[in-house]
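For reference, the structure discussed in these notes is given below.
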Amino acid sequence: MITVLFFGPVAERMETGRIEVEHVAGMRLADLRSTLAARHPEAFEIVSLAAVNGEHVRNMDVPLGDGSEVVFMSKFSGG
Amino acid sequence: MITVLFFGPVAERMETGRIEVEHVAGMRLADLRSTLAARHPEAFEIVSLAAVNGEHVRNMDVPLGDGSEVVFMSKFSGG
Amino acid sequence: MSEPVRLQFEDFSQDEEISALQAASTRMGGIATFLGCARDFSQGRSVHEIGFEAYERMALPELVKLRDEAITRFGLIDARIVHRLGTVRAGDRIVFIATGAEHRAPALEACRWLIDELKERVPIWKKEITPEGDSWVTPHP
Amino acid sequence: MSEPVRLQFEDFSQDEEISALQAASTRMGGIATFLGCARDFSQGRSVHEIGFEAYERMALPELVKLRDEAITRFGLIDARIVHRLGTVRAGDRIVFIATGAEHRAPALEACRWLIDELKERVPIWKKEITPEGDSWVTPHP
């Protein structure tokens, strides 16, 4: 399983802060993103950053291990 | 009479914070300064600013009225 | 003594943060701070409250890293960063940064750098709660 | 409420100064402060105390003028300046500047500008009291 978290405006548009996605061998971050973006375009139109296991990831080709925690995030607005 | 005030390092070298000087008709700030500097060269070597009646004065040719308060100051070191 | 970097729901005291900062060294000659407060007005609308949400697993390490970077980059003696979560009301404290150095220039520059970087790099999101409803602040992606 | 610009012998509280600043408006989103403290070490010598003397007739109006200029120049909502006189010990507060604006940039820039200008323009002198004796700090004239 992969845990996908959402916060703030993305969570609002997803109508949830957390979903679980079946892990598939060879799965990359880009695959997960396109699957979810196709189902939730209004949430993913504001996604501009991703993190895997608490680290920023810029390369969308990284493979996702089973049990990963992935976050798709909109631009930060703290401070 | 003209009241001349000194502060901080200038007062220390003058060994006083205040002297009174007889007012002379037509007296300019430059005159007062050169009279005092001749008597107290060690104090006036660190003087870099003057004020008359609480205002900075850059033009040393200003005439001094009777009753003026004059301050000869070294560079500030507050803050 | 409280941690120098914190994400917390409760309010805090500036005087206590400054005292904790000063405790690091009596060679500290300059302390700069920045305090961000909730405004009651934003982009033409009145705002009653502001809500904050963070991805804490990433936000806290990122704040710790920011502090370490600032200390090295500007030669600070110490620095502290506190950011509140949950709901705050107009006028309440949101974020506090304090930087201490031997002289004033590095303290002032580091403080400016920290608040600018925090806004760019720390996963925290803000929701404005207005009489017309709530809305998340979304800078252009 | 205390005056926004003061020369005083007593210590002060940063929290109280900030509260007084914030009282000006709930549109204040950014507050920057600078606190100058007495260091126990200066140019290779240990310093136990620092003494301050001001030409008050000129220093106070100059501080008031500085505050007014900063408010106009940076579009601040409010600003406060406190400078202590007399003798302070290592670690003690000497000077405090607080600037409040709707957004962070003007508050931070004004704070920096105020402390730089204060040092140039306000007739206050500092004496370092060390185990080897006292000496007035004399920047090159």
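- Remark: D:Gln8 CD is packed, more than 12 non-hydrogen atoms of other residues, nucleotides or ligands lying under 6.0 Å away.
- Summarising the geometry of B:Ser77 relative to D:Val137, their closest heavy-atom pair is OG-O, 3.5 Å, with the distance given to 0.1 Å.
- Contact annotation for D:Lys119: both backbone and side-chain heavy atoms come within less than 4.5 Å of a heavy atom of chain B.
- If you measure heavy-atom distances from D:Val122 to chain B, the contacts under 4.5 Å come from the backbone alone.
- We find the NE2-CZ distance between B:His56 and D:Arg121 to be 8.0 Å, quoted to the nearest 0.5 Å.
- In this structure, chain B has a heavy atom under 4.5 Å from the backbone of D:Ala54, while its side chain stays farther away.
- The local environment of CZ in D:Arg45 is crowded, with over 12 non-hydrogen atoms from other residues, nucleotides or ligands closer than 6.0 Å.
- Residue-level contacts of residues 62-72 of chain B with chain D, in order of numbering, are B:Glu69, B:Val71; threshold 4.5 Å between heavy atoms.
- Note that the NZ atom of B:Lys75 and the CD atom of D:Glu120 stand 5.0 Å from one another [nearest 0.5 Å].
- Of residues 5-32 of chain B, those residues lying under 4.5 Å from chain D by any heavy-atom pair are B:Leu5, B:Phe7, B:Gly8, B:Pro9, B:Glu12.
- D:Trp125 places a side-chain N or O within donor-acceptor distance of the main-chain N or O of B:Ser74, the cut-off being under 3.5 Å.
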